[in-house]
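When reading the values below, keep in mind they use all heavy atoms of this one structure, side chains included, and skip hydrogens, waters and symmetry mates.
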Number of protein chains: 2
Amino acid sequence: MATVASAKSRRTASRETRRRQLIDATLKCIARKGMGNTTLGDVAREAGLSQGIVNLHFESKDNLLTETLRTLANEYREQFDKTLEKSGPDPAGALLALVQMDLKPKLIDRQKLAIWFAFWGEVKSRPTYRKICDEYDRYYDSVITGLCAEVIADGAYANVTPEAAAEALTSMTNGLWLSCLISPREWDRQVAMDAIMSYLSNVFPRHYETTR
Amino acid sequence: MATVASAKSRRTASRETRRRQLIDATLKCIARKGMGNTTLGDVAREAGLSQGIVNLHFESKDNLLTETLRTLANEYREQFDKTLEKSGPDPAGALLALVQMDLKPKLIDRQKLAIWFAFWGEVKSRPTYRKICDEYDRYYDSVITGLCAEVIADGAYANVTPEAAAEALTSMTNGLWLSCLISPREWDRQVAMDAIMSYLSNVFPRHYETTR
DNA sequence: ATAATCTGAATGAATACTCATTCATTTTTT
DNA sequence: AAAAAATGAATGAGTATTCATTCAGATTAT
């Protein structure tokens with residue numbers, strides 16, 4: 001019983017702990033009730049804390065939401081980087097690992113998608129959200145374009161540019177998320193994966209053998 | 001002055017006219033301020049009418065928003081059907097016309113996209129929105145899957161199923177819309193079209209000649 | 001060791017404000 | 001004159017934010 005550092009009955013916690021706790025509560029509330037119907041009272045209740053707690057730790061609701069988006073985006077980026085790292089030096093393998101990541105049930109469930117779309121839905125009227133998303137997307141785009149360029153060079157493919165291939169692949173995964181959100185019953189991971197593989201195996205045939 | 005049915009100074013209008021006017025105002029407000037910050041006062045002001053007007057013609061805000069989504073969806077469907085009709089009997093041509101439609105500046109500008117994403121952002125917490133979107137999507141999916149099946153049969157393509165190709169194409173256009181929303185500066189219709197053509201010309205090479 | 005003091009995290013009632021909805025009144029049409 | 005349409009002030013429910021107060025744990029003094 002020695003090294004239990006944070007006793008569970010502790011009434012006060014460090015600033016960072018509370019902020020994280022509140023952000024987690026916010027994510028849950030947005031997934032359940034949507035962005036518009038999530039009140040600070042909801043967030044506090046979900047976190048098991050008191051009414052005024054959010055304004056104590058974040059100064060405003062606006063702030064809380066922005067930080068929540070940042071946290072969400074960071075989490076995705078960590079997954080992205082981890083996937084990239086684990087996949088070794090082969091660019092074709094890395095590309096496949098990345099698109100497969102986007103369909104992993106653990107990472108992308110309907111809860112998470114609802115949260116992403118909730119933020120995307122406000123992008124036009126909240127420039128800050130747009131900027132944050134753009135910043136991260138720019139990075140993913142550069143990585144994926146780079147991988148496509150390597151594959152194209154390696155296979156001497158003359159039928160596609162790295163930019164077009166990257167745009168096609170990232171757009172496809174984002175679009176597949178929308179299908180999952182709107183038709184959860186019908187939506188099928190296998191069909192989604194088939195769609196992506198139909199691209200890879202036809203555009204880069206010497207790198208992605210069709211198993212059909 | 002006899003046959004001027006709708007004089008411009010007319011202060012009262014038919015129910016349908018007013019409803020349409022209010023829905024148009026709602027669309028503008030959502031594009032400008034976002035779903036969450038659009039109030040009934042905003043809508044009334046945008047329409048140049050009085051505070052209580054929305055509740056007079058729609059019974060509630062909820063109702064107004066649902067009807068607005070239906071109108072938006074109908075408008076898109078009309079475009080879809082018109083495009084299909086105009087494109088003649090060739091399935092490959094129809095498919096191309098449909099994906100090109102999705103990138104037409106007239107049809108798809110950032111205003112419209114913002115509205116679509118605003119509704120999609122609420123899909124998870126508002127089952128009605130989901131149902132409406134699903135209903136329309138099911139139709140588009142069936143049409144596009146059918147066209148893909150025809151192209152596949154005609155070209156004897158063994159490398160892809162109609163379902164996978166349809167899913168790939170519709171997902172790609174939806175995903176391209178997200179790019180347009182998030183990176184409006186960078187986003188380029190030509191690159192978007194290249195991405196789609198990289199799919200068509202590689203998966204259905206005997207139907208879509210690469211002009212490169 | 002014990003008591004006294006301090007600190008800042010947390011509370012939750014009070015405040016100020018927004019906004020959907022209602023409705024008595026006015027205006028327009030028939 | 002009666003009916004229909006529209007107005008816009010009033011209502012009240014809901015909610016972000018504030019703040020005086022409480023309290024657990026750390027620090028200091030005895």
Side-chain angles (χ1 to χ4, degrees), chain A residues 4-26 29-30 32-69 118 122 125-126 128, chain B residues 1-26 28-30 32-69 118 122 125-126 128:
Chain A
V4 177
S6 59
K8 66 176 167 185
S9 64
R10 189 181 176 81
R11 207 181 91 99
T12 72
S14 79
R15 190 165 180 78
E16 271 320 300
T17 305
R18 278 283 181 264
R19 283 172 66 98
R20 180 65 216 209
Q21 180 183 4
L22 289 167
I23 285 173
D24 285 343
T26 306
C29 286
I30 293 175
R32 180 159 7 99
K33 319 187 53 175
M35 177 118 291
N37 295 322
T38 292
T39 72
L40 294 189
D42 292 332
V43 172
R45 201 171 319 116
E46 176 71 40
L49 295 168
S50 66
Q51 172 70 12
I53 196 71
V54 167
N55 285 291
L56 180 70
H57 286 283
F58 298 82
E59 185 178 336
S60 65
K61 187 181 185 181
D62 236 60
N63 234 318
L64 170 70
L65 292 176
T66 304
E67 290 304 309
T68 301
L69 174 56
E122 307 244 299
S125 50
R126 298 223 179 187
T128 311
Chain B
M1 198 165 283
T3 53
V4 177
S6 61
K8 67 176 167 184
S9 64
R10 191 182 177 81
R11 212 180 89 97
T12 71
S14 80
R15 190 165 181 77
E16 271 320 299
T17 305
R18 277 281 181 264
R19 282 172 67 97
R20 180 65 215 206
Q21 181 182 6
L22 289 168
I23 284 174
D24 285 343
T26 305
K28 271 186 201 152
C29 286
I30 292 175
R32 180 159 8 99
K33 320 188 51 175
M35 178 117 290
N37 295 322
T38 292
T39 71
L40 293 189
D42 292 331
V43 172
R45 199 171 321 116
E46 176 71 40
L49 295 168
S50 66
Q51 172 72 11
I53 196 72
V54 167
N55 285 308
L56 181 69
H57 286 283
F58 297 83
E59 181 179 339
S60 67
K61 187 180 185 181
D62 235 60
N63 234 316
L64 170 70
L65 292 175
T66 304
E67 291 304 308
T68 300
L69 174 55
E122 305 244 301
S125 49
R126 299 225 180 186
T128 311

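If you measure from atom CZ of A/Arg19 to atom P of C/dA10, you get 13 Å, rounded to the nearest angstrom. As a whole-Å value, the separation of A/Asp62 CG from D/dT17 C1' is 13 Å. In this structure, B/Arg45 places its CZ atom 17 Å from C1' of D/dA6, rounding to the nearest Å. If you take CD of B/Gln21 and P of D/dA5, they are 15 Å apart, rounded to a whole angstrom. Spacing between atom CG of B/Leu56 and atom P of C/dT26 amounts to 18 Å, rounded to whole angstrom units.
Partner B/Asp42 forms a side-chain hydrogen bond (donor to acceptor under 3.5 Å, both in side chains) with one of B/Lys33, B/Lys28, B/Arg32 and no other, that one being B/Lys33.
Ion pairing between A/Asp24 and A/Arg20 holds under the 4.0 Å rule for side-chain N and carboxylate O.
Proximity of B/His57 to the phosphate of D/dA6: a side-chain N or O atom is located under 4.0 Å from OP1 or OP2. Close to D/dA5, at under 4.0 Å from its OP1 or OP2, lies no side-chain N or O of B/Arg18. Distances shorter than 4.0 Å separate some side-chain N or O of A/Ser50 from OP1 or OP2 on C/dT11.
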Under-3.5 Å N/O pairs linking protein and nucleotides 16-20 of chain C:
from   : atom 1 : to      : atom 2 : distance (Å)
C/dA20 : OP1    : B/Lys61 : NZ     : 2.6
C/dA20 : OP2    : B/Leu40 : N      : 2.7

Evaluation steps, side chain to side chain contact (heavy atoms under 4.5 Å, CB included), between B/Arg126 and B/Thr66 = CA-CA 10 Å; B/Arg126 299 225 180 186; B/Thr66 304; 5.7 Å; no
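B/Arg19 contributes no side-chain N or O that, together with a main-chain N or O of B/Phe58, makes up a donor-acceptor pair within less than 3.5 Å.
B/Ile53 comes within contact range of the sugar-phosphate backbone alone, with a heavy-atom separation under 4.0 Å but no base atom that close.
With a 4.5 Å cut-off on side-chain heavy atoms, B/Met35 and B/Leu65 count as touching.
The side-chain contact (heavy atoms from CB on, under 4.5 Å) test applied to B/Ser60 returns B/Asp62, B/Asn63, not counting sequence neighbours.
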